[in-house]
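A short worksheet on the structure shown next.
Values below: every heavy atom of this structure, side chains too, minus hydrogens, waters and symmetry copies.
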Amino acid sequence: MKIFGITIAKEIYMSVIIIVLAILTERILKIIIKKTFNPKKKHKKFDSRKAATINSLLSNVVRYAVWVLAILSLLSVFGVNTAALITGLGVVSLVIGLAFQDILKDILVGVSILFENWYAVGDLIKIGDFTGTVTSIGLKATRLQAYTGEIKIISNRNITEVINYSLDKTLAVVDVPISYETNIDKAEKVLKTRAATLKNKIPYLTDEPEVWGVEKLDDSSVIIRVVAKCKPTKHYDVQRIMKKEFKEALDKNGIKIPYIQVEVHNEK
């Protein structure tokens, strides 16, 4: 084949065509997947979490499949008998299985994660000692990002136990200390009155906070526990707001929160 008077070998221009087609095919399929499983759109069968997870996993599958086929086509262009090669894979499948058993485990666990709904993209989970938000789920690995920015990549085969904070409502727990001199009934009434106003102030709450009562008799204070059911992963935000609200309510009613004091005696 001649282009601008330059003779180009068949192997070269066919290789370019195959690579370009592979790139275009991958992009087109990923666009279709993104539109079909768009987490921002409502789906009849999938929620946004599941749609985002399927999107991530299928994108990985497409990338591997397209480029495996492209490599086989390139080998065929350069005279390699791919049919015999594929047939021969049956003979050496045991050897390949042993060599790539870790990869196969990753893929199998990745599929299990999706269909058994262990977690989905966007979930807050804990694997081992690392807690973070799932940013992507692939055939080989899962990516987590901590709230401080660190990203951890974990091979799927190493994921045996998962704590998922996003599957159900979480509980915000606030322990309010009051002095032993304070009337407990008065303190509980003040906390209940303020708690009754928080449902409209805190959008993350799913129920009105409950004052459970005395939780502990500490060295220098009586601990009153208040709990509130809230949306998944929002318990830290809720706890911070509740602490601020309860501090203001106690101050307004003249109830002091005790703090450690040190007495210093000067001997003369």
- Task: Please lay out, stage by stage, how Ile125 and Ile163 fare under the test side chain to side chain contact (heavy atoms under 4.5 Å, CB included).
- Result: CA-CA 5 Å; Ile125 67 173; Ile163 297 175; over 6 Å; no

- Query: What closest approach, in Å, do Val134 and Ala120 show between heavy atoms, and which atom pair accounts for it?
  - Reply: CB-O, 3.5 Å

- Query: So do Trp67 and Val62 actually touch side chain to side chain, heavy atoms under 4.5 Å?
  - Reply: no

- Note on the structure: When rounded to the nearest 0.5 Å, the distance separating CD1 of Ile19 from CD1 of Ile71 is 10.0 Å

- Note on the structure: Excluding Leu24, membership of its hydrophobic cluster (Ile, Leu, Val, Met, Phe, Trp, Tyr; side-chain heavy atoms within less than 4.5 Å) reads Val16, Val20

- Query: Mind checking whether Tyr180 and Val214 sit in one hydrophobic cluster, side chains of I, L, V, M, F, W, Y counted as touching below 4.5 Å?
  - Reply: yes

- Using a cut-off of 6.0 Å, state whether more than 12 heavy atoms not belonging to Arg63 lie near its atom CZ. yes

- Between atom CD1 of Ile127 and atom CG of Asn158, what is the distance when rounded to the nearest 0.5 Å? 10.0 Å

- Query: Yes or no on side chain to side chain donor-acceptor pair (under 3.5 Å) for Thr131 and Tyr165, after CA distance, side-chain angles and deciding distance?
  - Reply: CA-CA 10 Å; Thr131 301; Tyr165 298 102; 4.7 Å; no

- Task: Check whether any side-chain N or O of Thr206 sits under 3.5 Å from a backbone N or O of Lys229 as a donor-acceptor pair, and report yes or no.
- Result: yes

- Message: With side chain to side chain contact (heavy atoms under 4.5 Å, CB included) as the criterion, how do Ile241 and Phe246 come out once you've worked through the C-alpha distance, each side chain's angles and the decisive distance to 0.1 Å?
- Response: CA-CA 9 Å; Ile241 300 173; Phe246 292 147; over 6 Å; no

- Note on the structure: Here the pair of heavy atoms bringing Ile18 nearest to Ala70 is CG2-O, 3.8 Å

- Message: I'd like to know whether NZ of Lys30 has more than 12 heavy-atom contacts from other residues, nucleotides or ligands below 6.0 angstrom.
- Response: yes

- Message: Treating Gln239 as the side-chain partner and Val174 as the backbone partner, does any N or O pair qualify as donor plus acceptor under 3.5 Å?
- Response: no

- Query: Are Ile153 and Ile159 joined in one hydrophobic group, where the rule is that I, L, V, M, F, W and Y side chains link up if heavy atoms are under 4.5 Å apart?
  - Reply: no

- Message: Tell me if the CD atom of Glu150 is crowded by more than 12 foreign heavy atoms within 6.0 Å.
- Response: yes

- Task: Supply the atom-to-atom distance Ile137 CD1 to Tyr119 OH, rounded to the nearest 0.5 angstrom.
- Result: 5.5 Å

- Message: Ile202 vs Met242, test: side chain to side chain contact (heavy atoms under 4.5 Å, CB included). Steps then yes/no.
- Response: CA-CA 9 Å; Ile202 308 176; Met242 286 173 63; 4.1 Å; yes

- Task: Mark yes when over 12 heavy atoms from residues, nucleotides or ligands other than Phe130 sit less than 6.0 Å from its CZ; otherwise mark no.
- Result: yes

- Message: Test your reading of the model: is there a side-chain donor-acceptor pair from Thr135 to the backbone of Gly122, 3.5 Å cut-off?
- Response: no

- Message: Looking at Ser166 and Pro232, would you say the former's side chain and the latter's main chain have a donor-acceptor pair under 3.5 Å?
- Response: no

- Message: Treating Arg194 as the side-chain partner and Glu245 as the backbone partner, does any N or O pair qualify as donor plus acceptor under 3.5 Å?
- Response: yes

- Item | Min side-chain heavy-atom separation Val109-Trp118 under 4.5 Å | yes

- Message: Grouping I, L, V, M, F, W and Y whenever their side-chain heavy atoms are under 4.5 Å apart, do Leu205 and Val227 come out in a common cluster?
- Response: no

- Mind listing the closest non-hydrogen atom pair of Pro258 and Ser179 along with its distance? CD-N, 3.5 Å

- Task: Examine Val190 and Leu198 and state if one hydrophobic cluster contains both, with Ile, Leu, Val, Met, Phe, Trp and Tyr joined whenever side-chain heavy atoms are less than 4.5 Å apart.
- Result: yes

- Task: Hey, could you give me the CD1/CH2 distance between Ile223 and Trp212, rounded to the nearest 0.5 Å?
- Result: 15.5 Å

- Under 6.0 Å from the NZ atom of Lys201, do we count more than 12 heavy atoms belonging to anything else shown? yes

- Message: I'd like to know if Val162 and Leu124 are part of one continuous hydrophobic network [Ile/Leu/Val/Met/Phe/Trp/Tyr, side-chain heavy atoms within less than 4.5 Å].
- Response: no

- Query: Of the non-hydrogen atoms in Ile255 and Ala187, which two are nearest, and what is the gap between them?
  - Reply: CD1-CA, 3.8 Å

- Query: Salt bridge between Glu248 and Lys252, side-chain N to carboxylate O under 4.0 Å?
  - Reply: no

- Restricting to pairs with a member in residues 175-190, which pass salt bridge (Lys or Arg N to Asp or Glu O under 4.0 Å), not counting sequence neighbours? Asp175-Arg225

- Can you tell me how far the NZ atom of Lys256 sits from the CG atom of Asp251, to the nearest 0.5 Å? 10.5 Å

- Item | Reported CD1-to-OG1 distance for the pair Ile224 and Thr182, which is rounded to 0.5 angstrom | 8.5 Å

